Amino acid sequence: MINVTKPFLPPLEKYQEYVSGIWKRNWVTNHGPLVSELELQLKSYLEVPHLLYLSNGTLAIQVAIKALELHDEIITTPFSYVATTSSIVWEGCTPVFVDIDPQTLNIDPSKIESAITSKTTGILATHVFGNPCDVEAIGAIAKKHGLKVIYDAAHCFGTTYQGRSIFHYGDISTSSFHATKIFHTGEGGAVFTTDPKMLKVMSYLRNFGHETPTEFAMVGINAKCSELHAAMGLCVLPYMDEILKRRKELALHYDKILEGLAVHRQKIQPGAVPNHSYYPIIFRSTQALEASIAALNKFNIYPRRYFFPSLDTLNYVHSAPCPISRDIASKILCLPLYHDLSIEEADYIARLLLREQNN
Ligand SMILES: *Cc1c(COP(=O)(O)O)cnc(C)c1O
């Protein structure tokens with residue numbers, strides 16, 4: 001069986017070494033030495049000034065919304081994972097969807113201003129499949145209207161824009177280190193900011209608002225990660241260069257062998273170096289998409305309809321419909337892409353897709 005993704009697992013012995021240390025110290029969670037070490041190593045690997053390691057990418061978005069004190073309306077994209085929208089609603093805010101650019105699949109900045117009202121407090125946009133949003137255009141609009149910007153950068157580990165990590169952008173960027181993501185700690189996530197004051201606020205939010213064991217600075221939540229999770233991250237991080245390189249090879253190979261397939265692809269933002277976290281293809285019709293899925297499923301290959309459905313169709317949101325996002329969501333497929341997918345397996349998948357098209 002070939003699934004859309006497969007978590008990268010480091011050598012077991014290496015993980016066991018870290019676990020032995022945890023047993024020795026008898027320090028399992030609450031900002032232990034492995035969490036601190038992982039935060040340091042991530043800062044150095046990504047060349048970012050600040051980050052906080054959190055328990056998952058969804059809490060990272062919720063902590064960011066809380067830290068920036070967003071309320072009322074948040075402008076957001078309908079083409080993302082459900083956590084982007086559900087976090088807005090969970091925080092008591094209202095998502096206002098702005099349709100996407102059909103080429104980049106990111107929120108269309110030219111449509112943002114007409115969605116701003118007196119109740120708008122922020123913009124929450126996703127860098128879809130690791131492809132950076134038009135951060136200059138979004139930044140300029142936010143500045144003009146006094147709005148805060150959060151980027152859901154869950155797909156972006158290793159993506160750079162203008163030569164530096166995309167996590168630099170926005171008032172806060174968030175990421176996910178879930179097992180299916182390109183860098184992972186089993187479950188996990190992070191918030192990034194260049195503002196030390198924001199960092200301080202988010203560190204309170206992550207840990208119940210504790211100032212000291214008996215004093216509380218503000219309302220908080222538990223968004224801490226355990227030493228066991230940090231150990232996984234410390235084992236995976238040394239492989240990241242190799243993982244990014246391998247994914248690029250596989251993606252370029254797919255490009256070559258699927259040249260004759262009648263699909264279109266996401267346009268990468270100029271100035272960006274993507275991380276090939278996914279391999280999305282957009283079919284001409286839902287019918288062509290479904291026929292291709294069936295053809296692959298017959299041979300135990302399970303690609304994934306990602307993102308589907310378009311989030312403006314969720315039963316708990318009320319917003320203007322987004323026809324472009326709905327259209328793309330109805331035709332897009334992510335092909336299997338993971339570290340130990342072989343060239344032969346990619347060739348096999350491509351042959352099945354081309355055969356189905358020529359049927
Ligand atoms: C995975 C993902 C999340 C949620 O991250 P978790 O760590 O699973 O909570 C949020 N947004 C996007 C775009 C994602 O892909």
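Note that ligands are numbered from 1 as they come in the structure, with each ligand's atoms numbered from 1 the same way. All values derive from a computational prediction rather than experimental measurement. Side chains included, hydrogens not; waters and symmetry mates left out as well; all remaining heavy atoms used.
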Going by the angle between their ring planes, with limits at 30° and 60°, are [X] and [Y] parallel, tilted or perpendicular?
{"X": "Phe79", "Y": "Phe129", "value": "perpendicular"}
{"X": "Tyr239", "Y": "Phe8", "value": "tilted"}
{"X": "Tyr81", "Y": "Tyr306", "value": "tilted"}

Side chain, backbone, both or neither: which applies to [X] and ligand 1 if a contact is any heavy-atom pair less than 4.0 Å apart?
{"X": "Asp152", "answer": "side chain"}
{"X": "Phe79", "answer": "neither"}
{"X": "Lys181", "answer": "side chain"}

Within ligand 1, which atoms have a heavy atom of [X] less than 4.0 Å away?
{"X": "Tyr306", "answer": "15 (O)"}
{"X": "Ala154", "answer": "2 (C), 11 (N), 12 (C), 13 (C), 14 (C), 15 (O)"}
{"X": "Asn56", "answer": "7 (O), 9 (O)"}

Would a distance-only check, ignoring hydrogens and angles, find a side-chain to backbone donor-acceptor pair under 3.5 Å from Ser44 to Leu40? no
Polar atom proximity, [X] to ligand 1 (N or O, under 3.5 Å):
{"X": "Ser80", "result": "no"}
{"X": "Tyr81", "result": "no"}
{"X": "Thr58", "result": "yes"}
{"X": "Gly57", "result": "yes"}
{"X": "His155", "result": "yes"}

Test applied, side-chain contact (heavy atoms from CB on, under 4.5 Å); reference residue, Tyr279; option that passes from Ile349, Leu333, Asp255: Asp255
If you measure from each heavy atom of Gly188 to ligand 1, is any distance below 4.0 Å? yes
When the aromatic ring centroids of Phe177 and Phe183 are compared, is their separation below 6.0 Å? yes
Quick one, His168 with Ser165, criterion side chain to side chain donor-acceptor pair (under 3.5 Å). Give me CA distance, side-chain angles, the key distance, then yes/no. CA-CA 6 Å; His168 275 96; Ser165 169; 4.8 Å; no
Does any pair with a residue in residues 104-113 pass salt bridge (Lys or Arg N to Asp or Glu O under 4.0 Å), and if so which ones, sequence neighbours excluded? Asp108-Lys111, Glu113-Lys144
